[in-house]
Asks: 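Got a structure for you, questions after.
Numbers restart at 1 for each chain; the letters A, B, ... are given by sequence-line order, proteins then strands.
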Amino acid sequence: MQGGGHYAAATAPQGRLPSPTPRREPMSESHDLPQDAAPVSATAALTADLPFGSNPVPEGETRAQRLHRLRHSTAHLMAEAVVQLFPTAKVATGPAIEHGFYYDFDLPRPLTPEDLLEIERRMKKMAKRGFPFQKATVSVDQARELFETAGQSYKIEVIDKIVETQQPENVTLYRQGDFVDLCAGPHVSSTSRLKQFKLLRTSGAYWRGDATRPMLQRIYGTAWETQEDLDAYLNFLEEAKKRNHKKLGEELDLFHFHKEAPGAAFWTPRGFAVVQSLQKYWRELGDRRGYQEIWNPMLYKKDLYIKSGHYTHYKDDMFIIHQEDTEYCLKPMNCPDTFLYYTSKRRSFRELPLRISEGGILHRNELAGALNGLFRVRQFMQDDAHIFVTAEQVASEIAEVLDIVRECYSLFGLSYGFTLSTRPEKFMGDALTWDKAELDLKAALDKGGYTYTVDEGGGAFYGPKIDIKINDCLGRKWQCATVQLDFQQPINFDMGYTASDNTRQRPIVIHRAVFGTFERFMGVLLEHTAGALPTWMSPVQAIIVPISDKATDYAFAVLAQLKAQGIRAEVDDRNEKMGYKIREAEMRKTPYMLVVGEKEAENGTASVRTYLEGARPEAKVEDVIAEIAMRIKERTFDVDIKPLRSFDAEEAAPAESDLEY
RNA sequence: GCCUACGUAGCUCAGUCGGUAGAGCACUUCCUUGGUAAGGAAGAGGUCACCGGUUCGAUUCCGGUCGUAGGCUCCA
């Protein structure tokens, strides 16, 4: 990069610029510009002639657009601070993103947390000084010359890309203070508009997201229009941290991870009770909705995956076992072996739609760096099902699946959104079939009254799909459910059915999962409920607290009654005071606490305390049991969900003011 | 897999500028028999992730491995 151009140093007096910071030394603000900083003055000379002028503020912007502009400008401000600290830095790209912004840099050394503080400090300082954002429209050649002189090779690449895709005559540059960037804009009028921001973290990021390109250093930050918004957002981050499902899993003794099996959850008795409650619901739902469950092997000769195409397209993600001369694969998905079931005999149109579910144990060799608690594991179980249908049945069957989605998610107070992904450029089958299928999916969505977004060309090569994203009570989105049409695998497996006219027809396969994986869904639910699960899922649904051992016999008698009704209950007969036991039960978020002493033993009652309501008056044991049993049976969502304010830019409109940049 | 950071008792964390470690909670025993979020005392518990290197001596410094976190990439 020939001398390490400080490409941004365009116009300001040179005395303001810092010298390169020595490796691993704490930042100091008293550095002066090195006298030999040739690239700097060269750049300054170059930009001096450029037509920097006004930066018109767009009219009629939405709040989202305003925030986007604000955040993008903050990214530029940050880049300026980074270039000050690291004059040899190369800057890559720095867009606004949801809730904030980032900027990628190629730096001489890794960033430390102290660097982040120093960068933020400089940003605040420059913001206060109020440098205007100015815009210049220059020819592509002028821009290229500028960034070449400054040694900014990534910017050259961006220019090349723009030229290749858009063939413009001119590009625009934006400048604030000492920093000039290739940028389409728009920006705020002045850095003095940038007040409520915070740098959050650094990370590595491949240039252009390409693992073969250099790893850059990315700094993430957040920016808002008001201090109140910023505080609320930082509070949200804190709350999300508190609700982290790994932390809750530890505190509530639900699951563990061990390095002996990276990426695979070890469920404790308490945690497994929760998983089983969910699986029980899944099986009941399947029964009710006409699904039949099968149970297939976990280990297959590679032939199966050669047939399905996974061996060529998915091999890197599969665990493969060599046994003597044979290659076996741990199954990464249920579809291929479900298809073996389908083709195991001749099928009639009378059997369709054939709804086959299988919650097999799946293994995927996810990248080590991608593993993340229950959200990304290597071993998991999906609430998977494959529905074999005729073309005519697609629309009604999809509608049925969407109705299951509605039922499931409403059970947990989760809202959700749909995305319809249509035919990609490279697709299998004929376009007519696709068109019909897409119309069917649309019709099912419309008929159900669902709103959805369309991702044109976002479908899988084998068929269009509907993805469902959950919104939890912190407003976070999670991809769990998916409904996919598949025209390809029926061909690979030569599936058929005999139609009413005695011809052999090809079925269409619908892949569907609602919870997605039980693991991820558990993680989402834990964070959504902050670990206070509804009674029907709770590991221990009722705990009986004898006041002293004089009441122990009665406590166990009550326990027997609870258990007789299928309630997960325990007696805490440890030699502790009741206050202690209650505290522990509260911290475990136990929905029902039945306090019993001599008085209750005499009356056949219990003093009830619930997690939701606190202490209640004494009640007949039968009545309490009936209440708990009813909540379990009906799967009542007896959870106190306090939705945090949304950070969706469109929803959370501020008190209208002249927020004008 | 890549970047950065981290790994001390079951959990949450102190600490050691290189001389083999400490707290709280949990656990065990004893005392206490107690009305709605921690009663008291004693005890036990650690190859300071693992493997190498430097050193008289490494938990501490260096290198590697494994695992974890946040990202990148990928995805349920």
Asks: Could you check whether Glu251(A) gets within reach of a base, just the sugar-phosphate, or nothing at all, counting any heavy atom under 4.0 Å?
Replies: nothing
Asks: Quick test of your reading of the model: are Asp115(A) and Arg109(A) salt-bridged, counting only N-O distances below 4.0 Å?
Replies: yes
Asks: Under 4.0 angstrom, heavy atoms only, what part of the nucleic acid is Tyr220(A) near: base, sugar-phosphate, or nothing?
Replies: sugar-phosphate
Asks: Between Phe266(A) and His258(A) (judged by ring centroids, cut-off 6.0 Å), do the two rings come close enough to count as a pair?
Replies: yes
Asks: Can you measure Ile219(A) atom CD1 to rU4(B) atom P for me and round it to whole angstrom units?
Replies: 15 Å
Asks: Find the distance Leu252(A):CG to rC11(B):C1' and express it as a whole number of Å.
Replies: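 Distance check: Leu252(A) CG to rC11(B) C1' gives 13 Å.
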Asks: Identify the residue among Phe515(A), Phe418(A), Tyr416(A) that makes a ring-ring contact (aromatic ring centres under 6.0 Å, His included) with Tyr409(A).
Replies: Tyr416(A)
Asks: Would Glu618(A) and Asn603(A) count as having a side-chain donor-acceptor pair, cut-off 3.5 Å?
Replies: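 Yes, side-chain donor-acceptor contact under 3.5 Å.
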Asks: What's the gap between rC48(B) and rG7(B) when it is taken at their P atoms, as a whole Å value?
Replies: 14 Å
Asks: Looking for any heavy atom pair under 4.0 Å, which part of the strands does Arg520(A) touch: base, sugar-phosphate only, or nothing?
Replies: base
Asks: Within the 4.0 Å heavy-atom criterion, would you say Asp384(A) contacts the bases, only the backbone, or no part of the nucleic acid?
Replies: nothing
Asks: Round to the nearest Å and state the distance from Gln217(A) atom CD to rU4(B) atom P.
Replies: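 Checked: the CD to P distance equals 7 Å.
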Asks: Are Arg208(A) and Glu157(A) side-chain neighbours, meaning at least one heavy-atom pair lies under 4.5 Å?
Replies: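 Yes, at least one pair of side-chain atoms sits under 4.5 Å.
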Asks: For nucleotides rC6(B) and rA38(B), find the distance between their P atoms and express it as a whole number of Å.
Replies: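 One P to the other, the span is 37 Å.
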Asks: Hey, does the Lys NZ or Arg CZ of Arg201(A) hover above the aromatic six-ring of Tyr220(A), less than 6.0 Å from the centre and inside 45° of the axis?
Replies: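 That pair qualifies as a cation-pi contact.
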Asks: For rG45(B) versus rG52(B), give the span between their P atoms, rounded off to a whole number of Å.
Replies: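 Straight-line distance between the two P atoms is 27 Å.
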Asks: Rounding to a whole Å, what distance do you find between Tyr409(A):OH and rA76(B):C1'?
Replies: 10 Å
Asks: Please give the distance between the P atoms of rU4(B) and rG40(B) as a whole number of Å.
Replies: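 Rounded to whole Å, the distance is 49 Å.
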Asks: Answer yes if the ring centres of Tyr611(A) and Tyr592(A) are under 6.0 angstrom apart, and no otherwise.
Replies: no
Asks: Quick one: Phe105(A) CZ to rU4(B) P, roughly how many Å, whole number?
Replies: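 For the pair Phe105(A) CZ and rU4(B) P, the rounded distance is 17 Å.
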Asks: Distances for protein N/O vs nucleotides 62-68 of chain B N/O pairs under 3.5 angstrom?
Replies:
none

Asks: Students often get this wrong, so: under 4.0 angstrom with heavy atoms, is Met593(A) touching a base, only sugar-phosphate, or nothing?
Replies: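 The residue Met593(A) makes no contact with any strand.
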Asks: Rounded to the Å, how far apart are Lys581(A) NZ and rU32(B) C1'?
Replies: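 Lys581(A) atom NZ is separated from rU32(B) atom C1' by 13 Å.
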Asks: Base, sugar-phosphate, or nothing: which does Ser607(A) touch, judged by heavy atoms less than 4.0 Å apart?
Replies: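 If one applies the 4.0 Å heavy-atom cut-off, Ser607(A) turns out to touch a base.
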Asks: Could you measure between the two P atoms, the one in rG67(B) and the one in rU73(B), and give it in whole Å?
Replies: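 The same atom, P, in both gives a distance of 22 Å.
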Asks: Which is more 5' along RNA chain B, the nucleotide nearest Trp207(A) or the one nearest Ile582(A)? Just name the residue.
Replies: Ile582(A)
Asks: What is the separation between atom CG on Asp573(A) and atom P on rG34(B), rounded to the nearest whole Å?
Replies: 17 Å
Asks: With a 6.0 Å cut-off on the ring centroids, do Phe518(A) and Trp282(A) count as close?
Replies: yes
Asks: Is the phosphate of rC27(B), meaning OP1 or OP2, less than 4.0 Å from a side-chain N or O of Arg574(A)?
Replies: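 Yes, such a contact exists.
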Asks: Of Phe515(A) and Tyr206(A), whose closest RNA chain B nucleotide lies nearer the 5' terminus?
Replies: Tyr206(A)
Asks: How far does the P atom of rG19(B) sit from the matching atom of rC11(B), given to the nearest Å?
Replies: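 rG19(B) and rC11(B) have their P atoms separated by 26 Å.
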Asks: Pairs counted as Watson-Crick or G-U wobble with both distances under 3.5 Å: what dot-bracket string results for RNA chain B, using | for bases tied to another strand?
Replies: (((((((..((((.....[..)))).(((((.......))))).....(((((..]....))))))))))))....
Asks: Measure from the side-chain heavy atoms of Arg583(A) and tell me the nearest of rG34(B), rA37(B), rC3(B).
Replies: rA37(B)
Asks: Looking for any heavy atom pair under 4.0 Å, which part of the strands does Arg512(A) touch: base, sugar-phosphate only, or nothing?
Replies: nothing
Asks: Determine the contact category for Arg609(A): base if any of its heavy atoms lies under 4.0 Å from a base atom, sugar-phosphate if only primed atoms, P, OP1 or OP2 are that close, otherwise nothing.
Replies: base
Asks: Would you kindly check if the NZ (Lys) or CZ (Arg) of Arg512(A) is within the cone defined by 45 degrees around the ring axis of Tyr291(A) and under 6.0 Å from the six-membered ring centre?
Replies: yes
Asks: Under 5.5 Å centre to centre and under 30° between planes: does that hold for Tyr580(A) and the six-membered base ring of rG39(B)?
Replies: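 Base of rG39(B): not stacked against Tyr580(A).
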Asks: Confirm from the modelled atom types if Glu600(A) and rG35(B) form a donor-acceptor pair under 3.5 Å, side chain to base only.
Replies: yes
Asks: Whole-Å distance between rG35(B) P and Glu576(A) CD?
Replies: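 Interatomic distance, CD of Glu576(A) to P of rG35(B): 14 Å.
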Asks: Ignoring the backbone of Lys577(A), work out which of rU36(B), rG34(B), rA76(B) is nearest its side chain.
Replies: rG34(B)
Asks: Does Gly579(A) reach a base, just sugar-phosphate, or nothing at all? Heavy atoms under 4.0 Å.
Replies: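 Sugar-phosphate, backbone atoms only, no base.
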Asks: Is the distance between the ring centroids of Phe380(A) and His363(A) less than 6.0 Å?
Replies: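 Not close enough - the centres of the two rings lie 6.0 Å or further apart.
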Asks: Using a 4.0 Å heavy-atom cut-off across all strands, classify Ala211(A) as base, sugar-phosphate, or nothing.
Replies: nothing
Asks: Base, sugar-phosphate, or nothing for Val377(A), non-hydrogen atoms under 4.0 angstrom?
Replies: base
Asks: Please classify the nucleic acid contact of Gln479(A) as base, sugar-phosphate, or nothing, using heavy-atom distances under 4.0 Å.
Replies: sugar-phosphate
Asks: For atom C1', what is the distance between rU28(B) and rA9(B), given to the nearest Å?
Replies: 15 Å
Asks: Charged N to carboxylate O below 4.0 Å: is that the case for Asp467(A) and Lys465(A)?
Replies: yes
Asks: Donor-acceptor pair under 3.5 Å: do we get one between Arg376(A)'s side chain and the base of rC74(B)?
Replies: yes
Asks: Please evaluate the base of rA76(B) for a donor-acceptor partner in the side chain of Glu366(A) within a cut-off of under 3.5 Å?
Replies: yes
Asks: Just compare rG34(B), rA37(B), rG1(B) and give me whichever is closest to any side-chain atom of Met587(A).
Replies: rA37(B)
Asks: Sort and list the pairs that fulfil salt bridge (Lys or Arg N to Asp or Glu O under 4.0 Å) and have at least one residue in residues 417-427 of chain A, not counting sequence neighbours.
Replies: Arg423(A)-Asp435(A)
Asks: Reckon Glu618(A) touches a base, only the sugar-phosphate, or nothing at all at heavy-atom distances under 4.0 Å?
Replies: nothing
Asks: When you compare rC13(B) with rG18(B), how far apart are their C1' atoms, in angstrom units rounded to a whole number?
Replies: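 Taking atom C1' in both rC13(B) and rG18(B), they lie 23 Å apart.
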Asks: Are His72(A) and Phe101(A) an aromatic pair, judged by ring center distance below 6.0 Å?
Replies: no
Asks: Check whether any side-chain nitrogen or oxygen of Asn575(A) sits under 4.0 Å from OP1 or OP2 of rU33(B), and answer yes or no.
Replies: no
